[in-house]
Number of protein chains: 2
Amino acid sequence: MAKMVSERADLLPAMAEVFREHGFEGASIALISEKTGLGKGSLYHFFPGGKEEMAGAVLGEIGAWFTTHVFAPLQWDTDAAAAIDRMFRAVIEYFDSGRRVCLVGAFALATSRDRFAKQVRSYFRMWKEALATALVRLGRDKPAAELMAEEVLAVIQGSLVLARALDDRTVFARSMSRVKRVLLGHQR
Amino acid sequence: MAKMVSERADLLPAMAEVFREHGFEGASIALISEKTGLGKGSLYHFFPGGKEEMAGAVLGEIGAWFTTHVFAPLQWDTDAAAAIDRMFRAVIEYFDSGRRVCLVGAFALATSRDRFAKQVRSYFRMWKEALATALVRLGRDKPAAELMAEEVLAVIQGSLVLARALDDRTVFARSMSRVKRVLLGHQR
DNA sequence: GTCTATAAAGCGATAGAC
DNA sequence: GTCTATCGCTTTATAGAC
């Protein structure tokens with residue numbers, strides 16, 4: 001077995017999965033080491049700040065992914081309806097139809113909220129603003145668009161909670177198509 | 001300072017608060033001991049099963065509270081509109097207008113879900129069924145009522161996530177009044 | 001029923017060889 | 001850059017005095 005040389009970015013997906021499944025406190029360095037296949041020493045080499053830096057980096061990557069694939073299209077695409085449609089596709093795929101938890105939402109509920117408050121708030125604020133912008137472009141007035149955006153985010157997060165609680169992935173798919181229908185005005 | 005003699009039930013509210021604020025893994029016995037004002041020895045006297053039994057008892061009490069104050073009225077009250085109205089009052093007060101997290105929802109997202117899957121599922125199933133029953137009594141047909149109930153629960157849970165993430169308690173109040181208006185058909 | 005003392009295990013983090 | 005060994009601390013849980 002050859003010794004592998006890693007890059008920081010390569011570790012993030014596996015680390016993200018551990019944090020998603022076990023939460024910040026539940027994700028032990030031993031477990032992260034096991035799931036990334038890297039010894040503790042190597043982990044601390046890449047993340048001298050320890051577990052907190054690891055979780056911060058994971059949140060950062062999640063934020064970047066959503067910025068590229070969801071927020072930016074919503075904000076700037078001239079075809080707002082198409083951007084919203086793509087948002088739902090991306091969300092359904094990302095959260096694996098409700099089988100996968102939203103790490104940012106989970107962190108928001110837990111103790112970790114305090115540690116990562118800035119990143120957590122920024123994630124939801126950007127999403128809300130981007131979606132509201134798309135809705136304005138679709139003809140809604142600003143205040144109504146912001147209320148709608150807020151409700152959509154709440155339904156997404158709540159459906160993830162409910163899907164997991166009821167152990168029923170149909171919940172998430174159902175909620176997403178319902179909300180999409182409301183947003184796009186029964187077009188499809 | 002006189003030595004106090006406690007009852008198991010008296011400890012549950014303080015323990016619930018610790019679990020809410022720190023999650024299952026974050027709630028250490030030392031912290032629970034501090035917040036209940038009881039030594040570790042006493043805690044293990046009441047809960048020989050340790051932390052898992054403590055969390056289970058807390059979930060049990062939460063379930064009982066909601067059964068009495070929310071589920072039963074929804075299920076059996078002949079005035080369904082009044083029962084729904086009271087549900088929202090109870091929920092807003094219980095979750096302290098969004099400042100307080102839903103422990104059951106938080107457990108659903110975290111590792112603890114697996115341990116307490118039965119209690120978590122039961123809580124949401126009972127709530128959904130009770131609310132759907134009230135909606136049927138209000139004139140909706142069964143399938144529509146169940147969909148609405150599902151969405152209401154999702155909005156409640158999601159609003160709690162969002163309120164905490166954005167650190168904005170107006171989110172929760174706003175969502176609740178919006179959802180209530182939809183359910184009761186713009187009556188008030 | 002309450003407490004303190006303590007055991008045994010796991011934790012995050014570091015040191016240092018390679 | 002990777003690993004193993006280890007430190008120091010906290011954890012859950014128990015034992016036993018009162």
Side-chain angles (χ1 to χ4, degrees), chain A residues 1-61 103 106-107 110-116, chain B residues 1-59 103 106-107 110-116:
Chain A
M1 180 81 177
K3 188 190 281 185
M4 302 285 262
V5 174
S6 318
E7 274 189 54
R8 211 178 115 115
D10 297 334
L11 306 171
L12 294 179
M15 287 191 351
E17 213 49 38
V18 177
F19 282 119
R20 249 190 289 272
E21 284 174 11
H22 297 88
F24 183 77
E25 352 269 343
S28 71
I29 302 291
L31 193 57
I32 295 172
S33 168
E34 181 194 327
K35 296 295 179 186
T36 55
L38 228 64
K40 293 187 191 187
S42 304
L43 288 176
Y44 279 94
H45 169 71
F46 286 115
F47 304 92
K51 203 162 88 161
E52 188 154 341
E53 189 181 342
M54 298 179 201
V58 166
L59 283 179
E61 188 179 66
L103 180 63
F107 271 24
T111 330
S112 28
R113 186 202 73 144
D114 305 313
R115 275 190 231 236
F116 304 107
Chain B
M1 183 79 179
K3 189 190 281 184
M4 304 285 263
V5 174
S6 317
E7 275 190 52
R8 211 178 115 113
D10 296 336
L11 305 172
L12 295 180
M15 286 190 353
E17 213 51 35
V18 177
F19 282 118
R20 250 189 288 272
E21 286 175 10
H22 298 87
F24 182 77
E25 352 269 343
S28 71
I29 303 291
L31 193 57
I32 294 172
S33 168
E34 181 194 327
K35 296 296 181 186
T36 55
L38 227 65
K40 296 185 189 186
S42 304
L43 288 177
Y44 278 95
H45 168 72
F46 286 114
F47 304 91
K51 203 162 88 162
E52 187 154 342
E53 189 180 342
M54 298 179 203
V58 165
L59 282 180
L103 181 62
F107 272 24
T111 329
S112 27
R113 188 201 74 146
D114 306 310
R115 278 189 229 238
F116 305 108

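All of these numbers come straight from a predicted model, not from anything done at the bench. Within every chain, numbering begins at 1; the chains are lettered A, B, ... in the order of the sequence lines, protein sequences first and strands thereafter.
Counting to the nearest Å, the C1' atom of D/dT2 and the CZ atom of A/Arg8 are 18 Å from each other.
Here A/Glu21 pairs with A/Glu17 under the side chain to side chain contact (heavy atoms under 4.5 Å, CB included) rule; sequence neighbours left out. Legend: residues meeting side chain to side chain contact (heavy atoms under 4.5 Å, CB included) with A/Tyr44, ordered by chain and number and at least two apart, are A/Ile29. Shown here are the side chain to side chain donor-acceptor pair (under 3.5 Å) partners of B/Thr111, two or more places apart in sequence or in another chain: B/Glu25. Looking at residues two or more places apart in sequence or on another chain, you find no ring pair (Phe, Tyr, Trp, His ring centres under 6.0 Å) involving A/Phe46. The salt bridge (Lys or Arg N to Asp or Glu O under 4.0 Å) check on A/Glu61 picks up nothing, with sequence neighbours excluded. Residues that satisfy the side chain to side chain contact (heavy atoms under 4.5 Å, CB included) test with A/Thr36, not counting sequence neighbours, are A/Leu11, A/Ala14, A/Met15, A/Ile32, A/Leu38, A/Leu43. The side chain to side chain contact (heavy atoms under 4.5 Å, CB included) check on B/Ala110 picks up B/Ser112, with sequence neighbours excluded. Among residues two or more places apart in sequence or in another chain, the salt bridge (Lys or Arg N to Asp or Glu O under 4.0 Å) test is passed with A/Glu52 by A/Arg115.
Here salt bridge (Lys or Arg N to Asp or Glu O under 4.0 Å) pairs that include residues 32-49 of chain B, with residues two or more places apart or in two chains, number zero.
DNA chain D lies under 4.0 Å from at least one heavy atom of each of the following residues of residues 42-61 of chain A: A/Ser42, A/His45, A/Phe46. For residues 16-36 of chain B, proximity to DNA chain D is found at B/Ala27, B/Ser28, B/Ile29, defined as any non-hydrogen atom under 4.0 angstrom from a strand atom.
When side chains are defined from C-beta on, B/Lys51 counts as touching B/Phe19, because their heavy atoms get closer than 4.5 Å.
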Using the 3.5 Å cut-off, write out each protein N or O paired with an N or O of nucleotides 5-9 of chain D and the distance between them.
none

